[in-house]
Amino acid sequence: MENVVYPNHLGIIMDGNGRWAKERGLNRSLGHKAGADNLINLLNYIYKNTSIKVVSLYAFSTENFKRDKNEVDYLMKLFVTLFNSKLESIKKNNVKVVFSGRRENLSKSVLEAMDKTTDDTKNNTKGILNICLNYGGDYEIVDMAKKVAKQVLDGTLNIEDITKEVVSKNLYQDLPPLDFVIRTSGEKRISNFMIYQSSYAEYDFPDTYFPDFDSKCLEESLDNYRKRDRRFGNAK
Ligand code: FPP
């Protein structure tokens, strides 16, 4: 592990659960269940076997509320189960869990499970798991602008003092920039995922559906990342 280059901050857009289920003649919700089971294995692998410090997951976008009510209800129940019990191994691994997104439209049971998870893990130091839930990158920038404007209006911040650091501190979470983003299932879109934090991220778009995206697939994507020449705007 010591001599291998890993991204410091990895983002995963967990796509293809629905298609995975459809190909097996199953209800879409069972694809999400299979995705959630895979996610736990993948996270345990990441935090045990790699030096990746921060993982950001796209769990539910603000737009996902437009899906069929049964699917949304199933996903919300799945989140509660995950946060209350299945994430136990992650919590025990000394990983701090944080959330990004708007609280509005989320039910009391989901909010309680999120708050308990945040509270249980707030002193953990080995890694960070950022779960984007009811999240939109555009709304994150809007909400940041409102917070910063408020500070200017109440006199605690001068306009001249608005720096990149101030912007970062006023996003949902103050995290390092994304180094690498993986979107599974072959779709080649960013779909509003952490648009500010991914300004210099590398991307990989493996064809595998998320429920089948295991540690071996992850290592293949990480090999692709290692081949990239990251110049951050510098000349070659
Ligand atoms: C996209 O696949 C996936 C989602 C909208 C949900 C992702 C959620 C999980 C994997 C559950 C666990 C998550 C956490 C972080 C608690 P899709 O439904 O768009 O698939 P399709 O494009 O094939 O229809």
Side-chain angles (χ1 to χ4, degrees), residues 10-47 54-91 93 95-101 105-107 109-118 120-121 127-137 172-173 175 181-194 205-215 217-218:
L10 168 73
I12 312 179
I13 303 177
M14 306 176 289
D15 199 7
N17 294 343
R19 279 163 286 162
W20 182 93
K22 198 173 167 211
E23 282 186 6
R24 284 159 181 78
L26 302 170
N27 185 284
R28 291 178 56 81
S29 294
L30 291 176
H32 295 311
K33 173 154 193 325
D37 290 343
N38 180 51
L39 175 67
I40 300 298
N41 291 333
L42 206 56
L43 290 174
N44 282 320
Y45 176 84
I46 290 173
Y47 291 118
V54 188
V55 178
S56 285
L57 301 170
Y58 209 176
F60 195 86
S61 74
T62 38
E63 282 70 35
N64 286 154
F65 269 116
K66 293 180 198 143
R67 291 188 177 199
D68 182 82
K69 187 176 180 299
N70 287 331
E71 185 177 346
V72 173
D73 288 350
Y74 184 91
L75 271 168
M76 293 299 153
K77 280 203 191 106
L78 187 63
F79 293 147
V80 173
T81 314
L82 272 163
F83 304 154
N84 284 341
S85 57
K86 293 229 174 127
L87 274 184
E88 215 43 58
S89 55
I90 308 299
K91 296 183 188 175
N93 254 317
V95 174
K96 179 174 165 174
V97 183
V98 297
F99 291 90
S100 292
N105 296 327
L106 292 175
S107 69
S109 59
V110 173
L111 290 170
E112 277 174 3
M114 287 164 63
D115 291 344
K116 185 170 182 315
T117 304
T118 309
D120 286 351
T121 62
I128 298 176
L129 177 63
N130 172 42
I131 301 178
C132 297
L133 209 169
N134 195 18
Y135 175 87
Y172 293 133
Q173 299 295 336
L175 298 171
V181 177
I182 300 171
R183 182 179 189 141
T184 58
S185 90
E187 303 285 352
K188 295 176 180 64
R189 284 189 297 277
I190 302 170
S191 301
N192 214 0
F193 178 65
M194 300 184 80
F205 299 101
D207 286 331
T208 315
Y209 295 146
F210 186 70
D212 290 330
F213 190 80
D214 58 12
S215 55
C217 300
L218 173 72

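This chain uses plain numbering: 1 for the first residue, then up along the sequence. One-based numbering, in listed order, for ligands and for the atoms of each. What you see is a predicted model; the values in this text were computed from it and never measured.
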Asks: Under 4.0 Å from a heavy atom of Ala59: which atoms of ligand 1 are those, numbered in the order shown and with their elements?
Replies: 6 (C), 7 (C), 8 (C), 14 (C), 15 (C)
Asks: Run the salt-bridge test on Lys33 and Asp37 with the 4.0 Å N-O cut-off and return the result as yes or no.
Replies: yes
Asks: Relative to ligand 1, is Leu39 under 4.0 angstrom through side chain, backbone, both or neither, heavy atoms considered?
Replies: side chain
Asks: Can you see which heavy atom on Ala59 is nearest to which on Met14, and at what distance?
Replies: CA-CE, 3.8 Å
Asks: Can you check whether Tyr172 and Phe99 have ring centres sitting under 6.0 Å from each other?
Replies: no
Asks: Give yes if a backbone or side-chain nitrogen or oxygen of Trp20 is under 3.5 Å from a nitrogen or oxygen of ligand 1, and no if not.
Replies: no
Asks: Ligand 1 versus Arg28, non-hydrogen atoms closer than 4.0 Å: side chain, backbone, both, neither?
Replies: side chain
Asks: Would you say Lys33 touches ligand 1, if touching means a heavy atom closer than 4.0 Å?
Replies: no
Asks: Distance-only, no hydrogens or angles: does the Tyr135 side chain make a donor-acceptor pair with backbone N or O of Met194 under 3.5 Å?
Replies: yes
Asks: Show which atoms of ligand 1 fall inside a sub-4.0 Å distance from at least one heavy-atom site of Arg19.
Replies: 21 (P), 22 (O), 23 (O)
Asks: Under 4.0 Å from a heavy atom of Arg67: which atoms of ligand 1 are those, numbered in the order shown and with their elements?
Replies: 5 (C), 17 (P), 18 (O), 19 (O)
Asks: Hey, is Phe79 touching ligand 1 through its side chain, its backbone, both or neither, going by heavy atoms under 4.0 Å?
Replies: side chain
Asks: When only distance counts, is Asn17 in polar contact with ligand 1, meaning an N/O pair under 3.5 Å?
Replies: yes
Asks: Please identify which atoms of ligand 1 are closer than 4.0 Å to at least one heavy atom of Leu57.
Replies: 15 (C)
Asks: Where the side chain of Tyr58 meets the backbone of Ser191, is there a donor-acceptor pair that is under 3.5 Å apart?
Replies: yes
Asks: Is any N or O atom of Asn64, backbone or side chain, closer than 3.5 Å to an N or O atom of ligand 1?
Replies: no
Asks: I'd like to know if the side chain of Asn44 reaches the main chain of Ile40, judged simply by a donor and an acceptor atom lying under 3.5 Å from each other, with no hydrogens or angles considered.
Replies: yes
Asks: Using a 4.0 Å cut-off to any heavy atom of Leu82, which atoms of ligand 1 qualify?
Replies: 12 (C), 14 (C), 16 (C)
Asks: Leu129 and side chain to side chain contact (heavy atoms under 4.5 Å, CB included): which single residue from Ile90, Val98, Thr121, Asn93 fits?
Replies: Ile90
